[in-house]
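Contents: one structure, followed by commentary.
Quick note: numbers below take in every heavy atom, side chains included, and nothing from hydrogens, waters or symmetry partners. Lettering of chains follows the sequences in order, A, B, ..., and the numbering in each one begins at 1.
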Protein chains: 2
Amino acid sequence: MAIKTRQTCPRVSREAGRRVVYEKQAEILKALAHPVRVAILDFLKDGEQCVCDIAKFAESERSNVSRHLSILVSCGVLESRKEGLKVIYSLKARCIMDFFECITGCLKQQANENAKLLRAI
Amino acid sequence: MAIKTRQTCPRVSREAGRRVVYEKQAEILKALAHPVRVAILDFLKDGEQCVCDIAKFAESERSNVSRHLSILVSCGVLESRKEGLKVIYSLKARCIMDFFECITGCLKQQANENAKLLRAI
DNA sequence: TAACTATGTGATTATATACTCATATAGCAA
DNA sequence: TTGCTATATGAGTATATAATCACATAGTTA
């Protein structure tokens with residue numbers, strides 16, 4: 001049976017905890033929030049790939065892509081393994097991809113609203 | 001019956017379109033990627049709120065919160081209405097909240113891995 | 001061993017973002 | 001009208017982020 005830590009002031013601790021969670025969540029979001037990194041995730045949703053192919057797909061310099069990849073790894077969304085000279089990256093947090101459907105929904109809604117506005121003018 | 005637009009070079013157009021979509025998706029992610037904005041979304045998931053209460057909850061200056069709110073509105077995640085002196089903000093893209101569950105899952109997994117590592121040392 | 005390839009990283013520069021303070025605007029109340 | 005409150009915004013500063021280039025490293029092949 002687990003022993004609960006005694007809290008001298010539960011409310012303050014909970015509040016502080018809330019802040020930390022927001023910061024961590026924002027960190028992950030920030031890690032995803034770049035066109036090249038979104039492209040990488042989209043490319044990897046169908047299977048693992050090496051840096052050179054990812055760079056081709058993302059139409060960006062390898063050194064730059066390498067940095068973007070390390071950002072995604074350190075936030076826990078991707079993982080990698082070595083295979084000879086190559087480093088193969090793959091999706092670790094697959095649920096991330098569901099989110100893109102949601103975001104695409106937002107974008108479609110926005111586009112619809114703009115279309116309506118356009119017709120009304 | 002809808003008339004399809006003729007494309008002189010389908011591949012290039014599709015590729016260009018892909019890029020635009022990645023940029024738009026990244027834009028929405030960037031709009032979400034800040035601790036104060038995450039706090040705002042968490043606060044609004046249970047119902048609409050005015051700026052002053054949001055500022056209290058997010059523990060941040062009103063002028064600052066106002067700016068964060070306008071970022072969330074312009075990316076289509078929030079909407080607002082006036083009520084006397086107050087401006088009331090509410091969640092527009094509710095699906096965004098599902099994503100936070102996914103992110104929380106990632107964080108838990110990371111925490112578990114760290115705990116395992118710690119025990120192994 | 002040397003030469004080659006794939007990847008990662010340090011340093012620099014350019015750009016974007018966030019916060020603060022002062023001020024502006026809108027609506028309410030006296 | 002004046003004074004008050006809630007919200008928004010401009011300007012300045014500080015900080016964070018991204019891209020590029022040069023170079024370093026690791027593994028392969030001859």
Side-chain angles (χ1 to χ4, degrees), chain A residues 19-20 22-41 43-44 47-92, chain B residues 19-20 22-41 43-44 47-92:
Chain A
R19 267 196 122 148
V20 172
Y22 294 150
E23 268 160 30
K24 283 281 168 193
Q25 288 177 327
E27 229 168 79
I28 294 184
L29 285 163
K30 205 157 53 177
L32 304 177
H34 189 284
V36 169
R37 298 200 286 271
V38 173
I40 291 171
L41 293 171
F43 189 45
L44 293 181
E48 56 179 27
Q49 299 283 351
C50 67
V51 179
C52 55
D53 288 340
I54 295 170
K56 268 180 227 149
F57 182 84
E59 299 169 49
S60 183
E61 289 279 328
R62 284 185 194 189
S63 66
N64 197 25
V65 167
S66 181
R67 244 183 264 272
H68 284 302
L69 285 165
S70 79
I71 290 169
L72 289 168
V73 168
S74 64
C75 90
V77 174
L78 296 188
E79 56 192 347
S80 67
R81 63 184 179 82
K82 289 212 76 172
E83 192 177 289
L85 265 178
K86 296 187 174 178
V87 178
I88 314 286
Y89 286 86
S90 60
L91 218 54
K92 190 179 178 188
Chain B
R19 268 197 122 147
V20 172
Y22 294 150
E23 268 159 30
K24 282 282 169 193
Q25 289 176 326
E27 227 168 81
I28 293 184
L29 284 163
K30 204 156 55 176
L32 304 176
H34 189 285
V36 169
R37 297 200 285 269
V38 173
I40 290 172
L41 293 171
F43 190 45
L44 292 182
E48 57 178 25
Q49 299 282 353
C50 67
V51 179
C52 55
D53 289 341
I54 295 171
K56 268 181 226 150
F57 181 84
E59 298 170 49
S60 183
E61 289 280 328
R62 283 185 195 189
S63 66
N64 197 26
V65 168
S66 179
R67 245 182 265 272
H68 284 302
L69 286 165
S70 79
I71 290 169
L72 290 168
V73 167
S74 63
C75 89
V77 174
L78 296 188
E79 55 192 348
S80 68
R81 63 183 179 82
K82 290 213 76 173
E83 191 176 291
L85 265 178
K86 296 188 176 177
V87 177
I88 315 286
Y89 285 86
S90 61
L91 217 54
K92 189 179 177 188

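- In this structure, B:Ile40 places its CD1 atom 11 Å from P of C:dA18, rounding to the nearest Å.
- In this structure, the CG atom of B:Leu78 is 16 Å from the C1' atom of D:dT7, given to the nearest Å.
- Neither OP1 nor OP2 of C:dT5 sits under 4.0 Å from any side-chain N or O of A:Arg62.
- Smallest separation of non-hydrogen atoms from A:Ser74 and A:Ile71: OG-O, 3.1 Å.
- Put simply, B:Lys86 has no side-chain N or O that comes within less than 4.0 Å of OP1 or OP2 on D:dT7.
- Close to C:dA6, at under 4.0 Å from its OP1 or OP2, lies no side-chain N or O of A:Tyr89.
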For this session: Verify side-chain contact (heavy atoms from CB on, under 4.5 Å) between A:Gln49 and A:Ile88, making sure each step is shown before the conclusion.
Result: CA-CA 5 Å; A:Gln49 299 283 351; A:Ile88 314 286; 5.8 Å; no

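- As rounded to whole Å, 14 Å separates atom P of C:dT5 from atom NZ of A:Lys56.
- As a whole-Å value, the separation of B:Ile54 CD1 from D:dA6 C1' is 12 Å.
- Map B:Asp53 and A:Lys30 each onto its nearest nucleotide of DNA chain D; the residue landing nearer the 5' end is B:Asp53.
- Rounded to whole angstrom, the span from the CZ atom of A:Arg81 across to the P atom of C:dT7 amounts to 12 Å.
- For A:Lys86, the NZ atom sits in a loose shell: 12 or fewer heavy atoms of surrounding residues, nucleotides or ligands are nearer than 6.0 Å.
- Going from atom CG of A:Leu32 over to atom P of D:dA18 covers 12 Å, rounded to whole Å.
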Problem set entry | Sugar-phosphate or base contact per nucleotide [nucleotides 19-30 of chain C; S, B, -; heavy atom under 4.0 Å] | SBB----BBS--

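- Judged as a side chain to side chain donor-acceptor pair (under 3.5 Å), and not counting sequence neighbours, A:Lys30 has no contacts.
- Rounded to an integer number of Å, the gap from CG of A:Leu29 to P of C:dA18 is 13 Å.
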For this session: Would you please test A:Arg81 and A:Glu79 for salt bridge (Lys or Arg N to Asp or Glu O under 4.0 Å) and show each step?
Result: CA-CA 7 Å; A:Arg81 63 184 179 82; A:Glu79 56 192 347; over 6 Å; no

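- A:Phe57 and B:Tyr22 have tilted rings, their planes meeting at an angle from 30° to 60° on a 0 to 90° scale.
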Problem set entry | Test side-chain contact (heavy atoms from CB on, under 4.5 Å) applied to B:Leu69 and B:Val87, step by step | CA-CA 11 Å; B:Leu69 286 165; B:Val87 177; over 6 Å; no

